[in-house]
S.K.: 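Here it is, the structure in full.
Side chains included, hydrogens not; waters and symmetry mates left out as well; all remaining heavy atoms used. Quick caveat: nothing in here was measured; it's all calculated off a predicted structure.
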Amino acid sequence: MFEVKTLDKPDERRDFPRGHLEAVHMSGLDFAVGTFEPGWRWSESVGPIAGTKSCEVHHNGYVVQGRMHVVMDEGGEGEVGPGDIFVLAPGHDAWVVGDEQCVLYDFAGGMAKDYAKGQ
């Protein structure tokens, strides 16, 4: 098997307040590009769509541009920025830091399949 797609033509796009997601679905890989504008916060922009208290999607990601602050439900927190590769368990809130949009790639699959879809 050999399968190739381009981010210039994603399979789907999901818009939400202050951001959007573009997803590419392939055999064995669901890939997402998330673009989050300044002022975006998961609990305000995506939480009402998801219908959950916090983000329940697992993320394996790479930050291309901008910064994002993450707070875990159990209290841990941190920040990611350009060039950072991260693994983020379900049960968190996050928001864009500063005046630059945050763009990240997510390889875990859940973001491409389920993120910002209603229950």
S.K.: State the CD-CD distance between E100 and E37, to the nearest 0.5 angstrom.
M.R.: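 E100 atom CD to E37 atom CD measures 10.5 Å (nearest 0.5 Å).
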S.K.: One pair to check against side chain to side chain contact (heavy atoms under 4.5 Å, CB included): H92 and H59. What are the steps and the verdict?
M.R.: CA-CA 11 Å; H92 58 270; H59 303 278; 3.5 Å; yes
S.K.: With a 4.5 Å cut-off on side-chain heavy atoms, are M26 and K5 touching?
M.R.: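 Of all side-chain heavy-atom pairs linking M26 with K5, at least one is under 4.5 Å.
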S.K.: Crowded around D15 CG? As in, over 12 foreign heavy atoms under 6.0 Å?
M.R.: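 Enclosed.
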S.K.: Looking only at side chains, do D11 and H25 share a donor and an acceptor under 3.5 Å apart?
M.R.: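 Result is no, nothing qualifies.
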S.K.: Look at the side-chain heavy atoms of Ile, Leu, Val, Met, Phe, Trp and Tyr, link any pair under 4.5 Å apart, and say whether Y62 and L88 land in one connected group.
M.R.: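 Y62 does not cluster with L88.
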S.K.: Are V24 and Y105 connected in a single hydrophobic cluster, I mean Ile/Leu/Val/Met/Phe/Trp/Tyr linked by side-chain heavy atoms less than 4.5 Å apart?
M.R.: yes
S.K.: Is there a donor-acceptor contact under 3.5 Å from the side chain of D114 to the main chain of M111?
M.R.: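 A pair under 3.5 Å: no.
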S.K.: Can you name the nearest heavy-atom pair linking N60 to A108, along with the distance?
M.R.: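 Between these two residues, the closest heavy atoms are N-CB, 3.4 Å.
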S.K.: Report yes or no: do L21 and L7 belong to one cluster of Ile/Leu/Val/Met/Phe/Trp/Tyr joined by side chain heavy-atom distances under 4.5 Å?
M.R.: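 Shared cluster, no.
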S.K.: With a 4.5 Å limit on heavy-atom distance, are the side chains of D93 and C55 in contact?
M.R.: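 The answer is no; the side chains never approach within 4.5 Å.
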S.K.: Give a yes-or-no answer on whether the side chains of D73 and S54 include a donor-acceptor pair shorter than 3.5 Å.
M.R.: yes
S.K.: For a 4.5 angstrom cut-off between non-hydrogen side-chain atoms, does L104 reach F86?
M.R.: yes
S.K.: Between E3 (side chain) and S27 (backbone), is there a donor-acceptor pair under 3.5 Å?
M.R.: yes
S.K.: Would you find a donor on one side and an acceptor on the other, under 3.5 Å apart, between the side chain of D106 and the backbone of G61?
M.R.: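 The answer is no, because no donor-acceptor pair under 3.5 Å joins these two groups.
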S.K.: Just wondering, do H58 and V87 contact through their side chains at under 4.5 Å, heavy atoms?
M.R.: yes
S.K.: Report yes if some heavy atom in the side chain of D84 is under 4.5 Å from a heavy atom in the side chain of E79; otherwise report no.
M.R.: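 No, their side chains stay 4.5 Å or more apart.
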S.K.: Grab the two heavy atoms, one from A94 and one from V70, that are nearest each other, plus how far apart they are.
M.R.: CB-CG2, 4.1 Å
S.K.: For R18, I'd like to know if atom CZ has over 12 heavy atoms of other residues, nucleotides or ligands within 6.0 Å.
M.R.: no
S.K.: Are the side chains of Q65 and P82 in contact, using a 4.5 Å heavy-atom criterion?
M.R.: no
S.K.: Do I49 and Y115 sit in the same hydrophobic cluster, where Ile, Leu, Val, Met, Phe, Trp and Tyr count as joined when their side-chain heavy atoms come under 4.5 Å apart?
M.R.: yes
S.K.: So do the side chains of M68 and W95 get within less than 4.5 Å of each other, counting heavy atoms only?
M.R.: no
S.K.: Looking at K117 and K113, would you say the former's side chain and the latter's main chain have a donor-acceptor pair under 3.5 Å?
M.R.: yes
S.K.: Where do P38 and V96 come nearest, in terms of heavy atoms and distance?
M.R.: CA-CG1, 3.9 Å
S.K.: Do V80 and V57 land in one hydrophobic cluster if side-chain heavy atoms of ILVMFWY residues count as linked below 4.5 Å?
M.R.: yes
S.K.: I'd like to know if the side chain of S45 and the backbone of P17 have a donor-acceptor N/O pair within less than 3.5 Å.
M.R.: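 Yes, the answer is positive, given that a donor and an acceptor are paired below the 3.5 Å cut-off.
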S.K.: Is W42 close to F16 at the side-chain level, that is, under 4.5 Å between some pair of heavy atoms?
M.R.: no
S.K.: Whether the side chain of R13 engages the backbone of E22 through a donor-acceptor N/O pair (distance < 3.5 Å, no angle test) should be reported.
M.R.: no
S.K.: Going by the angle between their ring planes, with limits at 30° and 60°, are F36 and W40 parallel, tilted or perpendicular?
M.R.: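 Because their plane-to-plane angle lies in the 30° to 60° range, the rings of F36 and W40 count as tilted.
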S.K.: Provide the closest heavy-atom pair for R14 versus A23 in the form atom of the first, atom of the second, distance.
M.R.: NH2-CB, 4.5 Å
